[in-house]
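The next block holds one structure in the form of structure tokens; read it before the comments.
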Amino acid sequence: MLPYVIEGIIIVVVCALIGIILFSNYKKNVESTIGNAQDKAREIIDEALKTAETKKRESLLEVKEESIKAKNELDKEIKERRAEAQRYERRVQQKEESIDKKSDAIEKKEAGLIKREEELAKQKDAIARLNEERVQELERISGLTSEQAKEYLLKIVEDEVKHETAVMIKELESRAKEEADKKAKEYVVTAIQKCAADHVSETAISVVQLPNDEMKGRIIGREGRNIRTLETLTGVELIIDDTPEAVILSGFDPIRREVARIALEKLIVDGRIHPARIEEMVEKAQKEVEVMIKEEGESATLEVGVHGIHPELVKLLGKMKFRTSYGQNALKHSIEVAHLTGLLAAEMGLDVRMAKRAGLLHDIGKAVDHEMEGSHIQLGAELCRKYKESAIVINAVESHHGDVEAQSLIACLVQAADTISAARPGARRETLETYTTRLKQLEEITNNFKGVDKSFAIQAGREVRVMVVPEQINDSDMILLARDISKQIEDELEYPGQIKVNVIRESRVVDYAK
């Protein structure tokens with residue numbers, strides 16, 4: 001509205017100025033035209049005022065319309081918010097009503113549960129009374145107290161569990177044996193096929209061929225001085241009998257026997273046989289045997305492919321060439337065990353070099369067991385410790401006969417390879433005394449078990465048949481008895497191969513027709 005007023009004032013000023021200019025320019029016509037100019041000025045002023053008033057009213061109307069519009073929008077927004085608040089209030093009210101209903105239902109359930117617990121308690125008391133009455137009635141009818149009945153039931157359950165345990169053990173053992181036998185046979189057959197060794201049983205004598213029978217007299221010498229000198233220096237007995245063109249050297253020490261053989265052959269070739277020459281030849285033979293021992297040890301390590309063994313252990317390996325066990329050459333046996341152990345280790349994905357090393361050194365104690373006290377296992381373990389062998393090798397030496405528990409798969413493979421090598425047909429032979437002693441011990445072990453009537457060791461000690469008392473041992477007990485006997489035989493006896501334990505239970509009923 002104000003701009004319109006200002007516009008009107010401006011118009012008025014402009015008109016006044018125009019009048020003044022007209023007045024100054026037209027002095028002559030002032031008087032005649034002044035009246036018209038004033039009228040026009042008034043008209044212009046009136047028109048300007050009217051226009052200003054109109055503009056003012058229009059502005060007021062626009063402001064009023066805008067305020068009405070803003071008020072309407074505000075009222076609309078207030079109504080919407082009020083409606084939203086009412087909806088929210090209704091939802092809250094509905095939720096409160098729902099919660100109240102749930103609370104009432106929970107209270108009703110709690111009341112029902114309390115009532116049910118009371119009923120259950122009453123039923124429990126009634127059942128307890130009935131159970132007590134039932135037990136008393138059962139005791140009266142059976143003539144047994146509850147403790148006696150409990151013992152009877154426990155005995156029945158124990159027998160059932162024992163039977164089921166025996167059946168389960170039998171099934172598991174059968175399954176495990178099938179799988180183990182299958183794998184073991186594959187590995188062992190593969191190893192044996194790859195390692196076929198010759199076996200020659202060695203004796204305690206050596207034979208030296210002579211060019212003629214006249215040489216026997218020269219070996220004996222005047223009044224037997226030559227033969228006495230040779231026997232004294234070598235520790236070997238010379239047997240000169242009617243055997244044509246041959247002298248027999250007898251002695252249980254293979255090294256001494258070899259020294260005597262080499263010395264005697266040199267004397268025969270040389271032809272000069274007298275005490276001084278005999279002493280010289282024996283000394284040379286001893287040096288040759290020492291060199292031979294070292295070469296045999298080195299040859300064994302090269303053949304097996306094991307390097308880095310201490311020189312003293314290599315020397316002891318060479319000495320094993322002149323050592324036998326049940327007629328089997330100890331060095332050849334060790335080489336064969338090393339090959340077999342390496343082949344088995346390769347089949348199972350183990351360290352082949354370490355397996356061969358353990359197999360080669362497993363009987364190293366036999367090189368000194370006739371010179372020092374202790375078993376070849378103890379002596380072998382001490383030697384391996386002395387010359388800084390690994391713990392795996394030491395454990396394999398200690399455990400290859402089961403004296404110590406095997407702590408690695410390689411030690412177990414050495415046991416298996418040792419058994420394979422010893423059990424080959426013709427590899428070993430036993431003395432009659434050892435054989436009979438083992439059979440006697442086998443029968444004594446089985447006879448010591450409760451319920452055993454008698455036992456018989458058959459098939460050269462490869463099988464033991466155990467006859468049990470049928471009233472004391474049932475079918476389930478037989479399985480456990482066979483297992484216990486096998487375990488005790490493994491712990492107390494040393495034997496090649498395996499021993500079959502055959503438990504037999506026989507029931508007989510005898511009657512007479514009269």
Side-chain angles (χ1 to χ4, degrees), residues 187 191 194-195 197 254-255 289-325 328-422 494:
Y187 294 160
K194 291 181 179 179
C195 178
I255 296 179
V289 169
E290 288 179 1
V291 173
M292 186 188 303
I293 287 172
K294 184 179 179 182
E295 290 176 351
E296 289 293 337
E298 292 174 350
S299 175
T301 58
L302 289 173
E303 181 179 349
V304 176
V306 176
H307 307 290
I309 297 178
H310 195 279
E312 289 299 322
L313 288 179
V314 174
K315 187 176 179 181
L316 291 174
L317 281 172
K319 289 181 70 175
M320 288 171 64
K321 175 180 173 61
F322 303 101
R323 173 74 161 81
T324 59
S325 176
Q328 185 180 28
N329 184 278
L331 181 58
K332 291 182 179 178
H333 167 66
S334 296
I335 292 172
E336 183 181 7
V337 170
H339 284 306
L340 289 171
T341 308
L343 292 168
L344 292 172
E347 292 289 338
M348 299 181 68
L350 302 176
D351 188 346
V352 176
R353 291 185 179 179
M354 183 60 70
K356 286 185 176 181
R357 194 183 193 96
L360 185 63
L361 296 177
H362 81 284
D363 269 346
I364 194 68
K366 288 185 177 180
V368 295
D369 62 348
H370 60 288
E371 302 171 359
M372 303 169 64
E373 292 185 0
S375 67
H376 75 281
I377 295 173
Q378 296 171 343
L379 295 173
E382 290 174 4
L383 287 170
C384 289
R385 289 191 184 95
K386 180 179 178 181
Y387 296 112
K388 309 299 181 185
E389 285 294 329
S390 66
I392 294 176
V393 174
I394 294 171
N395 178 249
V397 173
E398 290 178 326
S399 64
H400 77 275
H401 281 317
D403 296 346
V404 176
E405 184 179 357
Q407 297 175 356
S408 65
L409 282 175
I410 288 178
C412 296
L413 294 182
V414 171
Q415 290 180 1
D418 182 54
T419 304
I420 292 169
S421 176
E494 291 186 6

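- Inter-residue side-chain proximity for Val289 and Ile255 is flagged as met; some heavy-atom pair is nearer than 4.5 Å.
- Residues that satisfy the side-chain hydrogen bond (donor to acceptor under 3.5 Å, both in side chains) test with Arg385, not counting sequence neighbours, are Glu398.
- Counting heavy atoms from C-beta outward, His307 and Thr301 have side chains that stay 4.5 Å or more apart.
- To the nearest 0.5 Å, atom CZ of residue Arg353 and atom NZ of residue Lys356 are 9.0 Å apart.
- Asn395 places no side-chain N or O within 3.5 Å of a backbone atom of Ile410 that could act as its donor or acceptor partner.
- With a 4.5 Å cut-off on side-chain heavy atoms, Arg357 and Val304 do not count as touching.
- Contact between Val337 and Thr341 at its shortest, heavy atoms only, is O-OG1, 2.6 Å.
- Here the SG-CD distance, from Cys412 to Glu405, works out to 9.0 Å after rounding to the nearest 0.5 Å.
- Side-chain contact check for Gln415 versus Ser399: some heavy-atom pair is nearer than 4.5 Å.
- One distance of note links CD of Glu389 with CD1 of Ile364; it measures 9.5 Å at 0.5 Å rounding.
- Taking CD1 of Ile377 as the reference point, atom CG of Asp363 lies at 8.0 Å (rounded to 0.5 Å).
- With contacts defined as side-chain heavy-atom distances shorter than 4.5 Å, the pair Ile392/Gln407 does not qualify.
- Across all their heavy atoms, Val397 and Gly380 have their closest contact at CG1-C, 3.7 Å.
- Contact record, Gly359 with Val414: N-CG2, 4.0 Å, taken as the closest heavy-atom pair.
- In this structure, the separation between CD1 on Ile309 and SG on Cys384 is 9.0 Å, given to the nearest 0.5 Å.
- The NE2 atom of His339 sits 9.0 Å away from atom CG of Leu360, with the distance rounded to the nearest 0.5 Å.
- Using a 4.5 Å heavy-atom cutoff, the side chains of Leu361 and Leu317 are in contact.
- Side-chain rings of His376 and His362 stay apart, their centers remaining 6.0 Å or farther from each other.
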Take His333 and Asp418 through the test side chain to side chain contact (heavy atoms under 4.5 Å, CB included) and record every step on the way to the result.
CA-CA 8 Å; His333 167 66; Asp418 182 54; 2.7 Å; yes

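- With contacts defined as side-chain heavy-atom distances shorter than 4.5 Å, the pair Met320/Glu296 does not qualify.
- Side-chain contact between Leu344 and Leu350 is absent, with no heavy atoms from C-beta onward closer than 4.5 Å.
- Ion pairing of Glu290 with Lys315 is absent here, as no side-chain N (NZ or NE/NH1/NH2) approaches a carboxylate O to less than 4.0 Å.
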